[in-house]
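Below is one structure, written out as structure tokens; the observations come after it.
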Amino acid sequence: MKMFEYMGKELFATFGLPVPRGRMVKSPAEAAKVAAEIGSPVVIKSQVLSGKRGKAGGIKFADDPEGAKAAAQELFGMTIQGLPVDIVLVEEKLQIDKELYLSITIDGSAKMPVLIASAHGGMDIEEVDEEYIIKKHIDVELGMQDFIARDVVRRMGIPLTSTHAQELIKVIKSLYKIFTQKDAELVEINPLVLSGDKVIAADAKVTIDDEAIYRQPDLPWVEEHTATEKAAHDLGLSFVELDGDIGVMANGAGITMGTLDTLTYYGGKPANFLDAGGGTGEEGTAKALELILARNPKSIIINIFGGITRCDDVARAFASVKKNIGIPVPVVIRLVGTNQEEGRAILKEVGIEAYDFMQDAARKAVELAKVQ
Amino acid sequence: MKMFEYMGKELFATFGLPVPRGRMVKSPAEAAKVAAEIGSPVVIKSQVLSGKRGKAGGIKFADDPEGAKAAAQELFGMTIQGLPVDIVLVEEKLQIDKELYLSITIDGSAKMPVLIASAHGGMDIEEVDEEYIIKKHIDVELGMQDFIARDVVRRMGIPLTSTHAQELIKVIKSLYKIFTQKDAELVEINPLVLSGDKVIAADAKVTIDDEAIYRQPDLPWVEEHTATEKAAHDLGLSFVELDGDIGVMANGAGITMGTLDTLTYYGGKPANFLDAGGGTGEEGTAKALELILARNPKSIIINIFGGITRCDDVARAFASVKKNIGIPVPVVIRLVGTNQEEGRAILKEVGIEAYDFMQDAARKAVELAKVQ
Amino acid sequence: MAIIINEDTNVIVQGISGKQGLFHTKQMLAYGTKIVAGTSSSKAGTTIEGVPVYDNVQAACENHQIDASVIFIPAAGAKDAALEALEAGIKTVVVVTEHIPVHDEMIIVAYAKRVGAAVIGPNTFGIVSSGKCKMGIPPNQFFVPGPVGVVARSGTLSYEIVGNLTAQSIGQSTVVGMGGDRVVGLTFVDVLKRFEQDPETKAVVLIGEIGGNAEEEAAEYIKEMTKPVVAYLAGKSAPPGKRMGHAGAIIERGKGTYSGKVEALEAAGAMVASVPWEVGSLIKKVLDLDKQFNWEPGALRMREERLDR
Amino acid sequence: MAIIINEDTNVIVQGISGKQGLFHTKQMLAYGTKIVAGTSSSKAGTTIEGVPVYDNVQAACENHQIDASVIFIPAAGAKDAALEALEAGIKTVVVVTEHIPVHDEMIIVAYAKRVGAAVIGPNTFGIVSSGKCKMGIPPNQFFVPGPVGVVARSGTLSYEIVGNLTAQSIGQSTVVGMGGDRVVGLTFVDVLKRFEQDPETKAVVLIGEIGGNAEEEAAEYIKEMTKPVVAYLAGKSAPPGKRMGHAGAIIERGKGTYSGKVEALEAAGAMVASVPWEVGSLIKKVLDLDKQFNWEPGALRMREERLDR
């Protein structure tokens with residue numbers, strides 16, 4: 001779950017990590033009010049869950065409340081990468097002496113968190129040379145010890161005896177606390193600004209592990225999905241729309257991808273990616289078919305290799321949907337694995353002969369799509 | 001630093017560990033007031049830092065405020081193992097269905113914390129057979145995981161599906177939190193009482209690592225030492241009074257013990273144990289001699305083997321004390337190690353020839369004590 | 001022979017009385033797995049399918065020699081269950097549970113490393129040493145003994161490919177599911193090393209997918225292997241996955257694409273099938289080669305021509 | 001030969017610019033210790049006594065091969081300093097600092113165990129491989145090369161006994177201070193094992209004291225040793241130490257007394273001196289025995305009579 005910048009900064013503040021003065025507003029009038037409270041030039045930042053906000057013109061500056069109001073007015077009318085701007089963050093404009101980069105994320109191949117830092121922060125961090133990027137893996141049993149933070153600061157070229165170094169060490173320790181205590185997948189500050197004696201997080205990017213949301217009741221909830229995606233997600237389905245004309249449903253991300261690859265191999269074009277995961281019941285199957293049919297496919301392939309998913313459950317659900325709702329396009333079903341005989345018997349009752357092999361089912365689905 | 005029971009229970013309560021209702025008082029009138037607030041039979045417990053309180057009659061029961069007042073009156077007059085009772089704790093009298101034992105301390109030979117539990121708690125835990133004592137070492141990097149607490153509860157014979165088990169698991173986890181977060185050397189609950197559905201800590205013994213007090217500013221301060229011991233301790237001296245007539249000062253616990261052993265070997269009787277530790281300056285040396293002289297010794301042996309302690313520092317301090325304050329009994333000094341030549345030269349100026357070997361110095365000190 | 005588990009492996013099922021645990025205990029027993037104990041605090045003291053049930057792993061270990069555990073405990077308790085098994089000295093722990101928080105997974109994996117144990121998963125279908133022992137959830141009928149080691153990231157796709165191999169009379173020594181999560185215990189390299197050492201395994205199938213850099217790392221080790229490797233990578237025509245902000249980009253730096261992975265694997269001498277069922281025919285060629293030319297280490301990767309693509 | 005450190009050991013001094021660090025750096029250099037670097041954030045970039053000073057251990061490791069560290073950092077920062085050295089891959093870490101919180105000590109020791117490093121201390125005088133390398137604070141003049149390994153709990157008492165040995169022309173292979181705190185890294189047993197393996201060490205002196213059960217554990221290992229052990233235990237006539245409530249009593253259960261320790265050591269075949277300077281004469285007998293009777297493993301402990309007591 002991605003958090004809006006203003007939420008990330010609120011979270012930072014509760015961990016003692018310095019952020020600019022300011023707050024989020026939902027109207028131009030409020031923006032003017034906050035700018036007046038701040039009493040100095042401000043920055044007005046659109047709050048959308050997209051990384052390209054700056055380049056898209058989603059960040060504006062103003063010298064006074066009037067200007068802040070006008071800037072906010074402009075932003076509230078905008079759409080950035082398809083996302084409407086409903087919230088803006090009004091903050092003091094920082095004096096920027098230097099921009100650093102700091103983040104902690106998970107390195108799957110090392111199986112541990114990795115702290116990434118650079119003295120060359122700012123918008124184009126991805127373009128910075130490897131030699132200026134400092135990476136330090138963190139042993140989860142050892143945790144973030146002072147010496148680790150200190151060494152990273154040293155490698156950033158900040159003299160350890162400086163005030164900045166002392167502040168940065170605190171920032172790194174706080175950031176790691178947020179990362180572990182809040183089940184984050186990513187905490188990122190870019191830029192982390194040196195401003196006079198101070199070190200201030202001028203941005204905040206925080207992503208919480210979706211699997212751990214249940215144990216983070218204090219965090220705000222951010223809905224990233226469209227209504228359709230959310231409905232699918234709630235039923236344990238993973239759904240992505242594609243450009244083709246063959247509806248696809250399979251169980252497991254790998255086999256779903258394999259099914260797409262196979263359809264493509266035979267010259268077909270998938271209309272969607274739909275991974276029904278392990279064990280989807282009747283409601284899930286009905287919803288899955290509804291999502292697939294909404295793409296107006298010419299044929300549908302259902303590819304089930306039962307493991308934790310049981311073939312009879314899938315067959316029963318499918319048969320029920322077919323009987324009660326009806327399916328207006330030809331459906332090819334491949335069904336093997338756990339309880340396959342029971343499943344095939346159920347399908348036979350609704351007039352469907354299941355395939356043994358994916359390639360045969362896929363070839364048939366492609367043929368059917370061409371015929372229609 | 002040992003904490004009074006009432007302090008331990010306050011600490012327990014802040015970690016959500018259940019303790020009896022009640023509070024500490026400093027007068028019989030207050031005791032009556034607390035008993036009235038509680039509104040049921042109470043127990044009145046003298047607050048002294050001694051383990052033998054119960055057997056010494058330091059715990060009384062009362063059915064009403066009048067009785068509580070009378071009981072407190074008695075306790076405030078008492079002295080338990082030399083310690084006057086200045087504070088009592090007035091608490092609800094618990095219905096005791098079963099007494100358990102639970103503690104966490106440090107096992108120096110395993111180099112890790114050890115959780116000790118028994119279903120046979122109560123006053124005589126030290127007498128309980130080994131087979132009823134459960135010991136579980138805790139990996140400090142892994143910490144107190146649920147499964148560890150659960151296994152200990154199982155081994156105590158409490159069914160894991162019971163309410164008691166659920167409560168006990170929480171108690172164990174809280175106790176470990178207190179142990180680690182508060183730098184404890186010992187957290188002990190004896191008895192831990194099963195009372196109806198509840199699990200309640202009927203006693204609390206908490207000892208904080210003296211070396212970590214500086215980073216536990218929230219804990220109350222308990223002064224365990226006598227004024228003399230405290231004065232010695234503040235100067236880095238470790239001082240214990242003994243029964244003999246030869247004053248002893250050495251640097252390091254081991255060599256001080258070795259000096260006592262040597263004096264005893266030659267038929268002498270040490271008047272004290274005084275470990276001046278590493279690097280005691282003039283003030284420390286003066287204080288050390290003052291402590292030693294207060295025992296009215298017939299002779300004094302100073303046994304210094306310099307390492308981190310430098311011989312010239314000791315000699316300078318001693319010479320200064322001798323000149324400025326004077327020492328009324330014969331002093332034998334053994335002085336070798338770091339900067340020994342400088343040290344010996346300084347002693348020579350005040351008319352003292354230092355010995356090379358402990359045995360020679362000790363023999364001389366014994367002789368001198370016999371002559372006097 | 002086989003890797004990691006075999007016919008002598010004594011298995012405990014953690015969470016034996018839950019819906020999945022119970023169903024798959026029956027399946028595993030039917031496959032021949034030596035399940036000697038199970039845990040369930042609600043059913044402790046009873047037997048389930050003839051298997052004695054205990055309060056916890058420690059209690060089971062007091063009564064049985066246990067070599068491996070398979071975990072069906074729900075996500076919220078899975079970290080504790082895995083640590084419990086590891087702390088009890090069990091050296092092979094298969095975590096079937098999905099949806100475990102990634103911070104919990106890092107803790108499990110770090111502790112396993114410290115105690116020198118192998119964790120398979122989380123979010124894995126498990127492991128099958130064909131004809132000997134199954135720990136996990138794959139359907140029984142597709143796994144038959146033979147010379148091919150299989151290691152995979154995704155579950156159902158592995159059944160698909162194993163099913164295809166079996167249909168072509170190509171049996172498997174051991175099939176290992178690494179688990180689909182970002183942080184898992186055994187990796188491709190760990191499993192490949194074991195296959196390389198296993199005399200029964202003559203060739204290895206690696207089933208990967210787009211995203212991450214597990215396949216690139218596997219390629220590094222495949223360079224050193226003497227046994228032929230056939231790979232299939234899912235996702236040639238799939239939509240790109242989500243990225244983890246700038247930090248993710250910095251870590252991956254161009255890795256994770258389909259073409260990058262294929263390139264790395266082919267450069268290391270592996271053959272890459274373009275669709276799942278092509279794996280069987282490539283393995284057949286490889287094993288025929290083996291017979292015809294008296295297989296020598298490294299011989300295959302020097303062949304210039306690509307097989308029937 | 002010697003144990004743990006020798007003339008080739010490259011040493012770093014953590015906290016080289018503090019009062020103790022500076023003084024003992026001079027002393028160690030004078031003894032011949034190969035100090036290749038020091039740390040001090042205030043003096044980084046300078047040299048102290050010719051030793052280059054760095055911000056931290058990592059920076060020093062970027063410029064030097066470092067084998068061992070000796071730590072003079074004050075208690076509040078000592079845990080961090082020790083973990084830093086261990087994380088940097090340094091396999092011998094001597095923590096001279098005293099007054100370190102015991103929870104910090106447990107963390108240091110656990111991490112050292114995990115990374116396979118030896119921690120000496122905390123609260124130790126250090127270690128001297130006589131004539132080769134000194135890490136720590138003992139006075140230089142008393143440590144001369146020879147056949148006796150010494151391991152001790154307390155500092156000054158060790159100097160006392162080593163001084164006595166040297167005065168009797170009995171040199172030392174290595175002298176190790178385990179440290180006086182309740183939780184320390186290397187124990188008697190760890191050090192005895194190394195002496196047992198060291199060809200240069202012909203006999204071992206163990207300097208213990210009352211309290212705890214380190215001597216009882218040592219006795220268990222001494223049973224297996226082929227080399228003779230002479231012990232001195234301080235505290236025969238000392239007042240009893242404080243006890244840790246019931247829990248401490250449960251753990252110790254009768255261990256820790258002077259007589260119990262003497263009994264355990266003598267039963268294991270060690271000779272126990274009753275006063276510190278008796279150690280030298282016992283060692284002399286032991287080493288003479290060696291020459292006269294062509295020393296055989298275990299011969300000494302079978303002798304019935306006690307030596308000149």
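Every chain is numbered from 1, with letters handed out A, B, ... down the list of sequences.
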Legend entry - Toward chain B, the part of C/Ala59 with a non-hydrogen atom under 4.5 Å: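 Both parts, backbone and side chain.
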Inset, instruction - Run the salt-bridge test on C/Glu62 and B/Arg155 with the 4.0 Å N-O cut-off and return the result as yes or no. - result: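 Salt bridge flag = no for B/Arg155 with C/Glu62.
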Legend entry - Minimal non-hydrogen separation, C/Ser41 against B/Leu160, with atom names: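 Where C/Ser41 meets B/Leu160 most closely, the heavy atoms are CB-CB, 4.4 Å.
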Is [X] atom [atom1] crowded by more than 12 heavy atoms from other residues, nucleotides or ligands, each under 6.0 Å away?
X	atom1	value
B/Tyr132	OH	no
B/Lys177	NZ	no
C/Lys113	NZ	no
B/Lys136	NZ	yes

Legend entry - Pairwise distance CD(B/Gln145) to CG(C/Leu86) - rounded to 0.5 angstrom: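 Spacing of CD (B/Gln145) from CG (C/Leu86) equals 11.0 Å.
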Legend entry - pair B/Asp139-C/Glu87: side-chain heavy atoms closer than 4.5 Å: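 The answer is no; the side chains never approach within 4.5 Å.
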Inset, instruction - Could you point out which residue of C/Asn56, C/Asp80, C/Asp55 forms a side chain to side chain donor-acceptor pair (under 3.5 Å) with B/Arg150? - result: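 Result for side chain to side chain donor-acceptor pair (under 3.5 Å) with B/Arg150: C/Asp80.
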